[in-house]
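Below, all heavy atoms of this structure are taken into account, side chains as well, without hydrogens, waters or symmetry copies.
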Amino acid sequence: MSTTDRHTAIVTAAYGRRMQLRLEDGTLVDARIKGRELQPVCGDVVTAHPLVNEPEWLVTRIGKRRNELTRPNLRGRTEILAANLDLLAAVCAPVPRPDWFIVDRYLCAAEQMGIDAIVVYNKADRGEPDAAHAAELDVYRSLDYPTLVCSAHSGLGLDSVRGELRNHTAIIAGQSGVGKSSLINVLTTSDQRTADVSGTRGEGRHTTVNTIMVPLPDGGWVVDSPGVRDYAPAIDDPADVETGFREIHRLGQDCRFANCRHRREPDCAVLAALDKHSISARRYESYKRMMIMTEQRERRRY
């Protein structure tokens, strides 16, 4: 094989050991992985070449990643979901009932990755957010997260969502059933499968079983990821958890101790703000839960 046979490509869909690549000229090709060590994910920049007398290409190298969206697997090891992103859209909806802790964990992941994040409240055609939901959305706005109310069904607010996504490589993430694939269908020319929320349990049904990256008409890409009923980023050091929560990280600079965990330590600026109700008690609870999860994962590793 000559060096001219090698091509740089982007992984636009991942199906286990097989994937779809977009070559530099825009051509889409199917590919598989050389060996068992390589584990490309959506967004990866890879080196690949065509195989003689075969329809598939062969991926031989993964380029250096700018960032990774991660989660711990059942064994506590880090699983990479997507790479080289610059925006995360955390989607919620009135149905299924929002799990704000999952929204927080996606925002925490974005902070850990060093990328922008927005909050999208979909299915607004079913009515304006109730008082409790509106209060939570206001918390995110107060933290300078663009927080948009929209409807993939009626088109309400979609221009604002398009504006936030334009020219980004973004991932649409959230609980099963919040309408991520429906949003992508109307924001792009794709046709991702959708399904109604389960009528018996009020939980979303998984419709995206693999990760796929779709071009946006006005520039950029959007990654459609499988819906979840729980999520947390894989953080190795519990001391790093606070960087995923903007208000806690900001206040933490004023704590008495540089290694303050903001739970029982004296002269803790975070606890003082909590007592004064100047930060969200629910967000603080979210921080504590994320800290406990990270500590438990750390113990399992060692």
Please verify the inter-ring angle class for His133 with Trp100; under 30° counts as parallel, over 60° as perpendicular, anything in between as tilted. perpendicular
By side chain to side chain donor-acceptor pair (under 3.5 Å), which residues pair with [X], not counting sequence neighbours?
X: Asp125; value: Ser151
X: Arg141; value: Asp138
X: Glu247; value: Arg283
X: Arg246; value: Glu111, Tyr145

Go through the structure and list residues passing salt bridge (charged side-chain N to carboxylate O under 4.0 Å, His left out) with [X], not counting sequence neighbours.
X: Arg65; result: Asp44, Glu68
X: Arg256; result: Asp267
X: Lys34; result: none
X: Arg250; result: none

Looking at every heavy atom in both [X] and [Y], which two are closest together, and how far apart are they?
X: Asp218; Y: Asn167; value: O-OD1, 3.6 Å
X: Ile292; Y: Arg263; value: CG1-NH1, 4.2 Å
X: Val103; Y: Cys92; value: CG2-CB, 4.2 Å
X: Ala93; Y: Pro98; value: O-CG, 3.1 Å
X: Tyr287; Y: His262; value: OH-CD2, 3.3 Å

Decide whether [X] and [Y] are clustered together by the hydrophobic rule: side chain heavy atoms of Ile, Leu, Val, Met, Phe, Trp, Tyr closer than 4.5 Å, transitively.
X: Tyr121; Y: Leu143; result: yes
X: Val149; Y: Tyr140; result: yes
X: Tyr106; Y: Leu85; result: yes
X: Ile102; Y: Val223; result: yes
X: Ile33; Y: Met213; result: no

Report the C-alpha distance between Ile279 and Val270 in whole Å, list the side-chain angles of each, state the deciding distance to 0.1 Å, and finish with yes or no for side-chain contact (heavy atoms from CB on, under 4.5 Å). CA-CA 8 Å; Ile279 62 172; Val270 174; 4.0 Å; yes
Do we see a donor-acceptor contact under 3.5 Å between the side chains of Ser181 and Asp224? yes
Are side-chain N/O atoms of Thr243 and Gln112 paired as donor and acceptor at under 3.5 Å? yes
For Glu24, what residues pass the side-chain contact (heavy atoms from CB on, under 4.5 Å) criterion, not counting sequence neighbours? Thr8
So, using side-chain contact (heavy atoms from CB on, under 4.5 Å) as the criterion, who are the partners of Glu164 when residues are at least two apart? Ile118, Pro146, Leu148
Cation-pi between Arg282 and Phe101: NZ/CZ under 6.0 Å from ring centre and within 45° of the ring axis? yes
To the nearest 0.5 Å, what is the distance between [atom1] ([X]) and [atom2] ([Y])?
X: His249; Y: Leu251; atom1: NE2; atom2: CG; answer: 11.0 Å
X: Cys108; Y: Ile235; atom1: SG; atom2: CD1; answer: 4.0 Å
X: Leu274; Y: Ile248; atom1: CG; atom2: CD1; answer: 8.5 Å
X: Arg61; Y: Thr47; atom1: CZ; atom2: OG1; answer: 5.0 Å

Please lay out, stage by stage, how Leu21 and Leu28 fare under the test side-chain contact (heavy atoms from CB on, under 4.5 Å). CA-CA 6 Å; Leu21 308 179; Leu28 297 177; over 6 Å; no
Please determine whether side-chain contact (heavy atoms from CB on, under 4.5 Å) holds for the pair Arg105 and Met290, giving the CA-CA distance in whole Å, both sets of side-chain angles, and the decisive distance to 0.1 Å. CA-CA 8 Å; Arg105 290 170 194 164; Met290 189 69 241; 4.1 Å; yes
Evaluate the criterion side-chain contact (heavy atoms from CB on, under 4.5 Å) for residue pair Arg32 and Leu51; output intermediate values, then yes/no. CA-CA 10 Å; Arg32 56 184 171 86; Leu51 293 169; 3.4 Å; yes
Contacts satisfying salt bridge (Lys or Arg N to Asp or Glu O under 4.0 Å) that involve residues 150-162 (not counting sequence neighbours) are Asp159-Arg162
Look at atom CD of Glu54 and say whether more than 12 heavy atoms of other residues, nucleotides or ligands are closer to it than 6.0 Å. yes
Can you name the ring pair (Phe, Tyr, Trp, His ring centres under 6.0 Å) partners of His168, sequence neighbours left out? none
NZ/NE/NH1/NH2 to OD/OE distance under 4.0 Å, Arg297 and Asp236: yes
Any salt bridge linking Arg261 with Glu242? Criterion: basic side-chain nitrogen under 4.0 Å from a carboxylate oxygen. no
